[in-house]
Amino acid sequence: MASIPPPIPARMKGLNRAEICDRNFTEFVRGWDGEVLPKPAPHEAVLPGSALSAAAFLELFESQLISRHLDLMARVLRVQNKVFYTIGSSGHEGNAMVARLTRHTDPAFLHYRSGGFMAERFRKLPGMDPIMDSALSFAASKDDPASGGRHKVWGSKPLWVLPQTSTIASHLPKALGTAIAIEQAQRIGHALPVPGDSIVICSFGDASSNHATAQTAFNAAAWTAYQKLPAPVLFVCEDNGIGISVKTPGGWIAQNFSGRRDLDYFHADGLDLAAGYAQVAAAVEHCRRTRRPTFLHLRTTRIMGHAGTDFEIEWRSIEELVAVEATDPLLRSAEIALASGLMTRDEVLAQYEAIRGKCFAAAEEADRRPKLTTLAEVVAPLAPYTPDAVNVEAVRADYAEARLRVFGGEDRLPEKQPPRHLAIQINQALHDLMAKYPESLLFGEDVAQKGGVYTVTKGLYKTFRGNRVFNTLLDETMILGLAQGYANMGMLPIPEIQYLAYFHNACDQIRGEACSLQFFSNDQYRNPILMRVASLGYQKGFGGHFHNDNSIAALRDIPGLVVACPSRGDDAAMMLRTLAALAKVDGRVCAFLEPIALYMTKDLYEPGDGGWLTGYPEPDRAIPLGEGKVYGEGEDLVVFTFGNGVPMSLRAARQLEAERGWKVRVVDLRWLVPLNEAFIVEQAKTARRILVVDEGRRSAGVGEGIVTALVEGGLGGKPLRRVVGADTYTPLAGAALLVLPSEADIVVAAAALA
């Protein structure tokens, strides 16, 4: 068989490399004069010794051509402002083999160079158009079926491709989580939305494999397999040898991954369909049969640069560029088509130009389609909220028999017990939620047999067993990746982050992944999560900053996230019901901040007064999103606060009333994101003075949001002060109280308002 000649040399540094690659293909086909074999029947091997049939090859070749012409179209029309994305798939078209050899019900989390994969997966269902759908996404059209015009994404609801944006490895934990969820769902009797023998496809580049988040996923996959637990994820490393301009050391991927005991390694040539097909098939079959994490090292190349703005000639020699372009997989596919007798030169070129025409026609049509033109349209899928349905779900109490089983009888129901402190009421509420939602799972570090560091999850493991309550490895990124995976498969995950300071290790799993899915899928995909976090300061005798982190700024600015913070046990139980309902009804991602220092608090004013103990609310009671709690009716001073600030402010209010004769009203916001600005303004209207007590830091704390709501509500002229924490990390022991607001600080600030 004739070897592929090098492309036409570029004689000028200013030549457009996309044009060169386009010309290379047509010139190669016109000039090909190799030996032609007898034309195979559709079911026969395309070439001797290949596992790829002639019929399958022709469809794969067409998918490759579609992917290539979408790239070429994007480069041309971007300068005309008709296309808004030019990171292409050129050189990676061999990933179409992965699509062909898997099912459309195998959930896929894809690398952004997945044009070939998508074009091939579109064949799995009748009536779908990979060219038009892709063109709409390139054009940021409101009619884009993947994201509704919010980003150029590879995604499809009917094809089980969950939209990914320009992710750099951050999708690997949730892909593994989804694979684990497929198996776990069957263990708890949950009906899956995909077949039980599905696998999960997760593709990424060789450079991305070095990212800490990728290493998290690989480690967790091996940790799972080491314990002989199923995790059917197919990691597809598309190795083109470079990350933007940083080259991957030769042989690094094979050296790094081929010897891992619990990550099964396969290699396939993604540049040659005839050679690579059997290798890809072996990896897919192994993953589906063994249910083990599988690493497919797919050889690819990258031509036409990282994106349209990447002028490689500025940092690569012309000789190197020409050599890379000679490895173009479309040249090899064209050679296979010609050498096998399946197509003539004229037929190859005619198909090439016909697909070019379809891509440009689709792009022009997409450009004429409507765009997002209002803010309301843009944010519509970001944070859906249907309050009537949520409130009905929150108080749904049709699981009485399950409650009796869980709590051990009528007389042991929590609402029939004496008032208890916060930790116990959260524990009772978690038992209640898991009885109500048999698809719920509670997991994290130390939450099972130990019952959590503060015993908040005590007894849950014994009641619901290890399939629903279980410990994870010590890795917050993977805990939240698991949560997304379970949610993708229709379950209700309740992950625990052991301390707020530890959340920051994994923040992107909520910020960049979980909360963005509804937005970038136009609300077609949802991953409801109820994340519990032991939070905030004032913990005595323990920990410094890492156990007394009082900053929630990183949570406050995550679009779509709901953040709740109770101060007492009955509120906590009712807020948990609403959070679970928000997740179930509207697919929301929720954070429940549990004030550590209040877990065991029993008294309010005096030792032994039991003033901070509360009864357990009946299951038909809940606190709607945004509804605060008001203590007192005073107008001399209104204090806005939350969490630990509530009992502190109540004690300070008692002192102010005794010393100054003021009538003080304390407002517990309870819901920190989104802030109920109307409620804040309404409570402040009749106030003579306003105090904001925010146990967080001065900069970027909740207090800033409260003050902004007051000013924008026209109340900025009233006497107003903040009592906040210092902009510092929390030190150890008694020094911690120097950086956090105190009751004395509240009294002093109030006096200053006089």
I would like to know whether S63 and E59 meet side chain to side chain donor-acceptor pair (under 3.5 Å); could you show each step before the answer? CA-CA 6 Å; S63 295; E59 291 189 342; over 6 Å; no

Stepwise side chain to side chain donor-acceptor pair (under 3.5 Å) check, N240 with T300: CA-CA 5 Å; N240 62 24; T300 63; 4.7 Å; no

Please step through side chain to side chain donor-acceptor pair (under 3.5 Å) for the pair S90 and R68, ending with a clear verdict. CA-CA 6 Å; S90 296; R68 176 60 54 85; 3.1 Å; yes

Given salt bridge (Lys or Arg N to Asp or Glu O under 4.0 Å), test D197 with R103 step by step and report yes or no. CA-CA 11 Å; D197 65 343; R103 307 169 185 163; 2.7 Å; yes

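Between I199 and T102, some side-chain heavy-atom pair lies under the 4.5 Å cut-off. Between E120 and P130, the closest side-chain pair of non-hydrogen atoms is not below 4.5 Å. F520 has its side chain out of reach of P381: every pair of non-hydrogen atoms, C-beta onward, lies at least 4.5 Å apart. Using a 4.5 Å heavy-atom threshold, the side chains of W154 and Q164 count as separate. At least one side-chain heavy atom of S203 sits under 4.5 Å from a side-chain heavy atom of S114. Taking 4.5 Å as the limit, every side-chain heavy atom of V233 sits out of range of all side-chain heavy atoms of T294. With contacts defined as side-chain heavy-atom distances shorter than 4.5 Å, the pair F25/V348 qualifies. Between P173 and T213, some side-chain heavy-atom pair lies under the 4.5 Å cut-off.
The CD atom of E365 sits 4.5 Å away from the CZ atom of R369 when rounded to the nearest 0.5 Å. The CZ atom of R526 sits 9.5 Å away from the CZ atom of R588 when rounded to the nearest 0.5 Å. Atom OG of S134 is separated from atom NE2 of H69 by 14.0 Å, given to the nearest 0.5 angstrom. Distance check: L271 CG to D328 CG gives 9.0 Å after rounding to the nearest 0.5 Å. Taking CG of L159 as the start and CE of M118 as the end, the distance is 6.0 Å to the nearest 0.5 Å. Rounded to the nearest 0.5 angstrom, L52 CG and R100 CZ are separated by 8.0 Å.
The aromatic rings of F443 and F470 lie parallel to each other, with less than 30° between the two planes, well short of the 60° mark. Aromatic ring orientation, H306 versus Y112: perpendicular (interplanar angle above 60°, classes split at 30° and 60°). Between Y265 and F295, the two ring planes are parallel [angle under 30°; tilted spans 30° to 60°].
Taking the centre and axis of the six-membered ring of Y525, the NZ or CZ atom of K157 falls inside the cone set by 45° and 6.0 Å. Figure legend: cation-pi geometry between R150 and F519, with NZ or CZ positioned under 6.0 Å from the six-membered ring centre and within 45° of its axis.
For an aromatic pair to be called close, the ring centres must be under 6.0 Å apart, and H286 with F266 satisfies this. Ring pair F138/F84: centre-to-centre distance not below 6.0 Å. Remark: aromatic rings of H92 and H111 are close, center separation under 6.0 Å.
Scanning all heavy atoms of the two residues, the minimum distance from P107 to L162 falls at CB-CD1, 4.3 Å. Of all heavy-atom pairs spanning G587 and Q518, the tightest one is O-OE1, 3.0 Å. The two residues P329 and T301 make their nearest non-hydrogen contact at CD-CG2, 4.0 Å. Of all heavy-atom pairs between C359 and M73, the closest is O-CG, 4.0 Å.
R356 and D22 are joined by a salt bridge, as a carboxylate oxygen and a charged side-chain nitrogen come within less than 4.0 angstrom of each other. Between R123 and E62, at least one side-chain nitrogen of the basic residue sits less than 4.0 Å from a carboxylate oxygen of the acidic one, meeting the salt-bridge criterion. Salt bridge D272/R332: present, at least one basic N to carboxylate O contact under 4.0 Å. R288 and D106 are joined by a salt bridge, as a carboxylate oxygen and a charged side-chain nitrogen come within less than 4.0 angstrom of each other. Between D557 and R511 a salt bridge is recorded (basic side-chain N to carboxylate O distance below 4.0 Å). For the pair R291 and E183, the salt-bridge criterion is met [side-chain N within less than 4.0 Å of a carboxylate O]. For the pair D398 and R396, the salt-bridge criterion is met [side-chain N within less than 4.0 Å of a carboxylate O]. The pair D262-R292 meets the salt-bridge criterion, with a side-chain N (NZ, NE, NH1 or NH2) lying under 4.0 Å from an Asp/Glu carboxylate O. Checked for salt-bridge contact, E439 and K584 meet the test: a charged N lies under 4.0 Å from a carboxylate O. A salt bridge does not link E393 with R577: every distance from a Lys NZ or Arg NE/NH1/NH2 to an Asp or Glu carboxylate oxygen is 4.0 Å or more.
Each of T578, L561, L579, I494 was compared with C590 under the side-chain contact (heavy atoms from CB on, under 4.5 Å) criterion, and only L579 meets it.
When only modelled atom types and interatomic distance are considered, D206 and S209 share no side-chain donor-acceptor pair under 3.5 Å.
Within a 6.0 Å radius of NZ in K124, other residues, nucleotides and ligands contribute more than 12 heavy atoms.
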